[in-house]
Each structure stands twice: as structure tokens, then as C-alpha cells.
Number of protein chains: 2
Amino acid sequence: MSSMSTKSAPTLQRSGKYAGKAASTRQAERRKKLLAAGIKLIGREGYAATSIDAVCHEAGLTKRYFYESFTNSDQLLVEAYRTVTQEYLSTIMRATRPHLKDSRKLVRAGLQQSFGFVKDNPDKARLIMIEAMSVRSQLGEMYGKSYNEFVELLVGFTKPFLPDSGPGDALLAVMAKGAVGAITHLCQGWIATGFRQPVDELVAGTELIFSGMGRELGILA
Amino acid sequence: MSSMSTKSAPTLQRSGKYAGKAASTRQAERRKKLLAAGIKLIGREGYAATSIDAVCHEAGLTKRYFYESFTNSDQLLVEAYRTVTQEYLSTIMRATRPHLKDSRKLVRAGLQQSFGFVKDNPDKARLIMIEAMSVRSQLGEMYGKSYNEFVELLVGFTKPFLPDSGPGDALLAVMAKGAVGAITHLCQGWIATGFRQPVDELVAGTELIFSGMGRELGILA
DNA sequence: CATATTTGACACGATGAAGTATCACATATA
DNA sequence: TATATGTGATACTTCATCGTGTCAAATATG
């Protein structure tokens with residue numbers, strides 16, 4: 001039933017631009033907004049209490065754009081976790097880079113940055129240290145993977161200082177995991193009690209744990 | 001409008017007994033069944049995936065009896081957490097009682113029992129170490145409270161061995177919290193990876209952490 | 001200006017779980 | 001046996017959220 005009167009159909013207008021930006025740019029911006037909103041809400045209210053509608057409202061977008069970037073809320077959580085974990089890890093690496101040769105300074109810088117990040121970003125800390133554990137789904141592997149990145153970071157920090165007579169890799173890995181657990185758990189408790197305890201106390205106590213491990217490993221006198 | 005024909009209302013029959021047991025007994029049994037079902041399902045499927053209907057079905061009861069014992073599923077989780085935590089703590093105290101004088105044996109016995117309980121009761125372990133953190137509500141305090149019991153247990157274990165020159169209580173508390181965190185985190189990872197790692201490796205690694213802390217505290221050479 | 005696409009606001013149906021109520025059957029006592 | 005209460009199954013209402021669909025206004029382009 002197409003009328004042959006006018007050739008209106010072909011060679012229509014399109015370029016993908018809107019509001020000055022290209023389609024891919026806008027889409028990336030939306031995704032970023034949603035991710036930020038998700039991090040904020042999940043970290044603040046908890047994953048179970050965070051609906052997709054709420055995330056969209058916080059981001060100033062509508063559900064359509066949520067499903068443009070994520071398939072469901074689990075996916076958002078996974079991405080949020082990945083993003084924040086990466087950020088956390090980066091800040092620690094940045095803070096420790098100048099002290100890779102001095103084990104004491106290295107430990108102190110790493111711990112101060114760890115606790116510092118938590119205090120400066122309570123929402124993000126809650127997200128990666130508390131909310132992330134609860135969800136099964138893909139996050140299980142995700143969590144394990146990111147967690148291992150921390151463990152490997154720690155092992156990497158330690159290796160240069162190790163004497164030949166040190167314990168095997170298996171034991172070293174267990175100790176590193178335990179150390180990550182100690183920090184994580186202290187952060188969890190710290191968050192839960194509203195950051196009442198002074199950072200220095202936490203750092204000092206954790207330093208003792210680390211220096212004890214160092215001694216067991218043959219580092220330090 | 002009450003008919004005066006018969007005085008059928010007064011002095012009716014009642015004693016509360018049914019199926020041989022008193023009312024309070026039956027009610028206690030139902031509560032126990034629900035609690036056991038809740039522990040099993042929450043530990044196995046996760047809190048978010050555990051509906052009240054499922055708990056009732058697992059317990060062989062109906063919803064009416066759920067609301068007889070609990071006001072909502074949060075309450076069930078709290079009670080389940082409290083119950084299992086108490087049990088966990090008890091088994092550790094029992095296992096360590098014979099070794100309160102020998103710090104090395106004490107640590108080893110405590111750790112073996114800790115990891116042993118987790119492996120023997122994976123559902124319960126998952127419940128108190130993973131699922132418990134997810135819920136805000138009353139569980140926040142609950143978690144903190146039970147968590148502190150573990151910390152105090154550890155501090156209690158340590159105190160007899162401490163020299164006068166040890167660090168202050170604040171530092172000691174931080175270290176104990178960290179130690180609990182190390183164990184908890186190792187258990188979490190162990191659970192998540194299907195208990196593949198041998199217990200002895202976990203115990204050995206954790207022992208190193210503890211003996212390192214002991215050295216820092218002035219215990220052991 | 002005309003047309004096509006992007007956007008925002010909102011409506012819609014489906015789902016699942018919470019919490020309550022109803023009904024028939026079982027058990028104890030007079 | 002008759003009656004009141006305990007029990008089990010299940011229906012019911014309510015509610016929130018998910019995921020999708022619709023429609024008008026805004027924007028870019030010929």
C-alpha cells in the first residue's frame with residue numbers, strides 16, 4: 001500500500017547526535033550515572049533495599065536506560081563491586097609505590113591508605129566489604145577474584161623481603177588471606193560503629209599483626 | 001439474645017494437652033523445628049532466597065506456626081544467628097578447656113575446632129559467617145555483640161600469658177578483632193571453594209599468624 | 001517546515017512473597 | 001457421644017518490584 005506519490009522513505013536523517021554529544025557518549029554517561037547511583041544507594045541502604053526504580057531516580061534517569069546498560073540489578077551490583085574494588089586497589093598501590101623498599105613504611109602506608117579509603121568513602125566501603133558478600137549469583141566468583149587480587153598484592157609486597165628459608169607458598173597464601181581478612185573485618189566493625197575508633201589505633205594494632213607475621217616469615221629481627 | 005434453655009456455656013473442657021504433650025511443649029517443639037529449618041535453608045540457599053513458606057514446608061508446619069514463634073523472617077534470622085553462634089562458641093570453649101595452660105596447644109586446639117566446626121556444619125557456618133552480614137535491622141547489633149564474644153574469648157585466652165609490658169587494652173582488642181577476622185575470612189573463602197584446601201594447611205597458616213602476634217605481645221620467645 | 005529519532009514520564013501486566021482468614025479434620029474431655 | 005480446642009491445608013488480600021509498552025515533547029537534519 002505504499003504510495004508512489006513521494007519518495008519520502010529513503011535517505012532519511014540520522015547521525016546519532018543529540019544534545020551535542022554522540023550516541024555512544026550519551027550512553028556511556030548514562031551508564032556512569034547509574035553506576036554511581038547504584039554504588040551510593042547499595043552502600044547506603046543495602047543491596048536488598050535498593051530497587052531498580054530507586055537507582056534510576058537517584059541517577060535522574062528512567063528504567064529504560066537501566067536496562068540499556070544492565071540486564072538486572074545483580075549485574076549492577078557486580079559492576080559496582082568491580083569498579084569500587086578496582087578503585088580501592090588503585091589507591092593502595094599509589095600510596096605504597098614510594099615505599100616498596102622499606103617494609104615498615106610499606107606496611108604503614110598501605111594500612112593508612114586502606115583505612116583512610118574506608119573512612120573517606122563509607123558508601124563504597126560498605127558496598128565492597130559488607131553488601132557484596134551476601135549475593136550469590138555471579139558475584140561469588142567476582143568476589144573471589146577481586147579478593148585474590150588483594151591477596152596477591154600482599155604476597156607481592158612480601159616476596160622481595162622474604163629470606164630463602166621462608167615457608168612454602170601455600171602457607172604464605174593462607175597468611176596473606178588471613179591478613180586481608182583481618183583488615184576487612186576491622187573495617188566492617190569500624191563502619192558498623194560509625195568510625196568512632198581513631199584510625200591510628202586501628203593502624204597501630206594492624207601493624208602489630210603484620211610485624212608479627214613478618215617475624216614469623218623471617219623478615220625484620 | 002442468649003437462650004435460657006440450657007446452661008451449656010460454663011465449665012467447658014480444657015487442659016492444653018494434645019498428642020500427649022502440653023501446649024507449651026508443643027509450641028517449643030514447633031519453634032525448634034522452624035529454627036532448624038531456617039538454619040538449614042538460609043545456610044544453604046541464602047537469606048534472600050529463603051521464603052517463610054519454604055521454611056514452614058521444610059519444618060513440616062504451616063505459616064500460622066511461623067508467626068506464632070517469630071514476627072517476621074528477620075527475627076528468624078536473628079534467632080538462628082544467635083543460636084548457631086552460641087553453639088560455635090561452645091564447641092570452641094569445650095575443645096580448648098584442657099589446654100588453657102599451654103599457649104601452643106591452646107591455639108592449635110582452638111583453630112582445629114574452629115575450622116572443624118565449619119567443615120562439619122557448612123550450613124551453619126555459611127549462616128553465621130556470610131548470610132548474617134546482609135541484614136540491617138536488629139542483626140547489626142546482634143552481629144556486633146556475638147562478634148565481640150569471640151573477641152573477648154580470644155582476649156581471655158591471651159591475658160594469662162601476657163607479660164606486664166604488653167600493649168594497652170585498646171591495641172590488644174584491635175589485634176583480637178583482626179585475628180577473628182582472619183579466621184572468619186579464611187573460613188569464608190574455604191566455604192566458597194568447597195573445602196578443597198586441607199584443614200591442616202589452614203590451621204598451620206593461622207597458627208603462624210597467631211604465634212607472630214604472640215611474639216609481638218611478648219608471649220613465646 | 002517536515003520527518004525521524006531520542007528522551008522522559010508514566011501506565012500496564014506478571015510475578016512472588018507477606019500476612020490473614022477460612023474450613024475440615026483430629027484430639028481431648030464431659 | 002457431644003463440644004471445644006488444636007491442627008493442617010489452602011484460599012485470600014495486599015503489596016512491592018520487575019520488565020515492558022505507550023505516548024507526547026524535545027532535538028537534529030533535509
Side-chain angles (χ1 to χ4, degrees), chain A residues 2-3 5-31 33-34 37-38 41-42 45-77 135 137, chain B residues 2-3 5-31 33-34 37-38 41-42 45-77 135 137:
Chain A
S2 59
S3 70
S5 56
T6 62
K7 212 161 174 285
S8 58
T11 65
L12 309 177
Q13 326 89 312
R14 68 188 80 106
S15 79
K17 295 228 284 182
Y18 200 89
K21 293 276 181 177
S24 61
T25 306
R26 281 169 298 154
Q27 127 96 22
E29 285 173 351
R30 285 193 292 260
R31 187 192 152 89
K33 276 187 198 171
L34 287 164
L41 289 184
I42 295 173
E45 313 291 339
Y47 178 67
T50 300
S51 68
I52 292 178
D53 283 308
V55 172
C56 295
H57 183 263
E58 175 71 32
L61 297 170
T62 57
K63 270 199 283 201
R64 178 199 317 179
Y65 296 110
F66 180 90
Y67 292 105
E68 175 195 46
S69 286
F70 308 97
T71 69
N72 53 38
S73 59
D74 269 27
Q75 177 104 36
L76 171 66
L77 177 57
V135 180
S137 78
Chain B
S2 61
S3 68
S5 54
T6 62
K7 212 159 175 286
S8 57
T11 64
L12 309 177
Q13 325 89 312
R14 69 187 75 109
S15 79
K17 296 227 284 183
Y18 200 87
K21 293 278 182 177
S24 61
T25 306
R26 282 170 292 146
Q27 125 97 21
E29 285 172 351
R30 284 193 292 262
R31 187 192 151 89
K33 276 187 197 170
L34 288 164
L41 290 184
I42 296 173
E45 313 291 339
Y47 177 68
T50 300
S51 69
I52 292 178
D53 282 309
V55 172
C56 295
H57 183 263
E58 174 71 32
L61 295 169
T62 56
K63 270 201 281 201
R64 179 199 315 177
Y65 296 111
F66 180 91
Y67 292 104
E68 175 196 47
S69 285
F70 308 97
T71 67
N72 53 39
S73 60
D74 270 27
Q75 176 104 36
L76 171 66
L77 176 59
V135 179
S137 76

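Lettering follows sequence order; numbering is per chain, from 1. All values below come from the heavy atoms of this structure, side chains included, with hydrogens, waters and symmetry mates left out.
Taking B:E29 as the reference, nothing meets the side chain to side chain donor-acceptor pair (under 3.5 Å) condition, with sequence neighbours excluded. The side-chain contact (heavy atoms from CB on, under 4.5 Å) check on A:R31 picks up A:S69, A:F70, A:E79, with sequence neighbours excluded. Listed by chain and number, the residues in a side-chain contact (heavy atoms from CB on, under 4.5 Å) with A:A54 are A:L41, A:S51 (sequence neighbours excluded). Partners of A:Q27 by side chain to side chain donor-acceptor pair (under 3.5 Å), not counting sequence neighbours: none found.
A donor-acceptor pair under 3.5 Å is formed between the side chain of A:R26 and the backbone N or O of A:G16.
Summarising the geometry, the separation between CG on A:L61 and P on C:dT6 is reported as 16 Å, rounded to the nearest angstrom. Summarising the geometry, the separation between NE2 on A:H57 and C1' on C:dC10 is reported as 13 Å, rounded to the nearest angstrom. In this structure, A:Y65 places its OH atom 11 Å from C1' of C:dA9, rounding to the nearest Å. Distance NZ (B:K21) to C1' (C:dA26): 19 Å, rounded to an integer number of Å. In this structure, B:Q75 places its CD atom 15 Å from P of C:dA18, rounding to the nearest Å.
Using a 4.5 Å cut-off on side-chain heavy atoms (C-beta onward), B:D74 and B:Y47 make contact.
Between B:Q75 atom CD and B:Y67 atom OH the span is 12.0 Å, to the nearest 0.5 Å. To the nearest 0.5 angstrom, A:L76 atom CG is 4.5 Å from A:I42 atom CD1.
When distances run from any side-chain atom of A:R26 to the nucleotides D:dT7, C:dT6, D:dG8, the shortest one goes to C:dT6.
B:T62 has no side-chain polar atom (N or O) that falls below the 4.0 Å cut-off from OP1 or OP2 of D:dG8.
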> With the sugar-phosphate defined as primed atoms, P, OP1 and OP2, and the base as all remaining atoms, what B/S/- string results for nucleotides 15-27 of chain D, 5' to 3', for protein heavy atoms under 4.0 Å?
Replying inline: ---BBB-B---BS
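End-to-end axis angle for the helix from C:dC1-D:dG30 to C:dA30-D:dT1, using five pairs per end and rounding to 10°, comes out at 10°.
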